[in-house]
Amino acid sequence: MLKVAITGNIAAGKSTVENILREKGFQVFDTDKIAHSILESSQDAISAFRDYDILTDGKIDRKKLAKIVFSDKELLKTLETIIHPLVKNEILKIFAANYDVVFISVPQLFEAGFESLFDKIIYVTAPKDLRLNR
């Protein structure tokens with residue numbers, strides 16, 4: 001199995017690359033979607049942020065949580081400590097499916113320390129002014 005990560009800055013065009021690969025028939029997964037799914041039911045995250053207003057209708061409200069963690073680096077680190085190992089487990093489950101080639105979009109590839117899981121890395125880039133316009 002060839003394991004390929006797709007990464008790059010925000011608004012660089014990762015989704016476009018993913019869509020092209022899907023159109024070509026490749027298996028493409030997105031760790032942002034995986035993380036969002038994990039976060040919906042994460043009792044560990046609910047417990048870690050119990051002193052903050054992060055719930056709406058009993059579920060984690062990602063907008064509320066984002067406002068909190070992106071204004072405090074320590075709280076962001078707490079969240080990443082909870083989510084990154086769970087995302088890694090999901091990546092390993094994808095690898096266990098034994099596709100010939102699999103592409104996984106990992107926006108925080110290097111920050112999470114996941115680069116060693118992959119055989120190849122596609123780094124998507126675009127000029128800063130274009131990314132800002134997007």
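Treat the numbers as computed from the prediction; the structure is a model and nothing was measured.
Open room surrounds CD1 on Ile10; 12 or fewer heavy atoms of other groups in view lie less than 6.0 Å from it. Atom CZ of Arg22 is surrounded by more than 12 heavy atoms from other residues, nucleotides or ligands within 6.0 Å.
Test Asp53, Ile54, Leu76 against Ile68 for side chain to side chain contact (heavy atoms under 4.5 Å, CB included) and you get one pass: Ile54.
Using a 4.5 Å heavy-atom threshold, the side chains of Leu55 and Asp61 count as separate. Proximity of Leu117 to Phe95: side-chain heavy atoms (C-beta onward) are separated by under 4.5 Å at one or more points. Side-chain contact between Val4 and Phe118: absent, with no pair of heavy atoms (C-beta onward) separated by less than 4.5 Å.
Using modelled atom types, one finds a donor on one side chain and an acceptor on the other under 3.5 Å when comparing His84 with Gln108.
Cation-pi geometry between Lys64 and Tyr52 is not met: the NZ or CZ atom fails to fall both under 6.0 Å from the ring centre and inside 45° of the normal.
A continuous path of Ile, Leu, Val, Met, Phe, Trp and Tyr side chains, each step under 4.5 Å between heavy atoms, connects Leu39 with Val87, placing both in one hydrophobic cluster. No path of Ile, Leu, Val, Met, Phe, Trp and Tyr side chains, each step under 4.5 Å between heavy atoms, connects Phe29 with Val17, placing them in separate hydrophobic clusters. The cluster map of Ile, Leu, Val, Met, Phe, Trp and Tyr, joined by side-chain heavy atoms under 4.5 Å apart, puts Leu2 and Ile122 in the same cluster.
Atom-to-atom distance recorded for Asp119:CG and Met1:CE is 9.5 Å, nearest 0.5 angstrom. Summarising the geometry, atom OG1 belonging to Thr31 is positioned 9.5 Å from atom CD1 belonging to Ile38; distances are rounded to the nearest 0.5 Å. Atom CD1 of Ile83 sits about 11.5 Å away from atom OG1 of Thr78, to the nearest 0.5 Å. How far NZ of Lys93 is from CD of Glu90: 4.0 Å, rounded to the nearest 0.5 Å. Here the CD1 atom belonging to Ile60 is positioned 8.0 Å from the CD atom belonging to Gln43, to the nearest 0.5 angstrom. Note that CD1 of Ile6 and OG of Ser15 are 9.5 Å apart. Values are rounded to the nearest 0.5 Å.
With hydrogens and angles ignored, the 3.5 Å screen pairs a side-chain donor or acceptor of Lys14 with a backbone N or O of Gly8. Formation of a donor-acceptor pair under 3.5 Å by the Asp72 side chain with backbone atoms of Leu75 is found in this model. Using a distance-only test at 3.5 Å, with no hydrogens or angles considered, a donor-acceptor pair links the side chain of Ser42 to the main chain of Ala45.
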- Item | Worked check of side chain to side chain contact (heavy atoms under 4.5 Å, CB included) between Phe49 and Val69 | CA-CA 10 Å; Phe49 294 91; Val69 299; 3.8 Å; yes
- Message: Run the side chain to side chain contact (heavy atoms under 4.5 Å, CB included) test on Leu86 and Ile34 for me, step by step, so that the C-alpha distance in whole Å, both residues' side-chain angles and the decisive distance to 0.1 Å come before the verdict.
- Response: CA-CA 9 Å; Leu86 300 172; Ile34 291 169; over 6 Å; no
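Residues Ser71 and Lys67 approach most closely at OG-O, 3.1 Å, considering heavy atoms. Closest heavy-atom contact between Ala126 and Ala12: CB-O, 3.7 Å.
Ring to ring, Phe110 and Tyr123 are not that close: their centroids are 6.0 angstrom or more apart.
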Only distances under 3.5 Å count here; give the side-chain donor-acceptor pairs of residues 96-107 to other protein atoms, sequence neighbours excluded, each with its distance to 0.1 Å.
unit_1	atom_1	unit_2	atom_2	d
Ser105	OG	Glu18	OE2	2.9

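By the 4.0 Å N-to-carboxylate-O rule, Lys77 lies too far from Glu80 to be salt-bridged with it.
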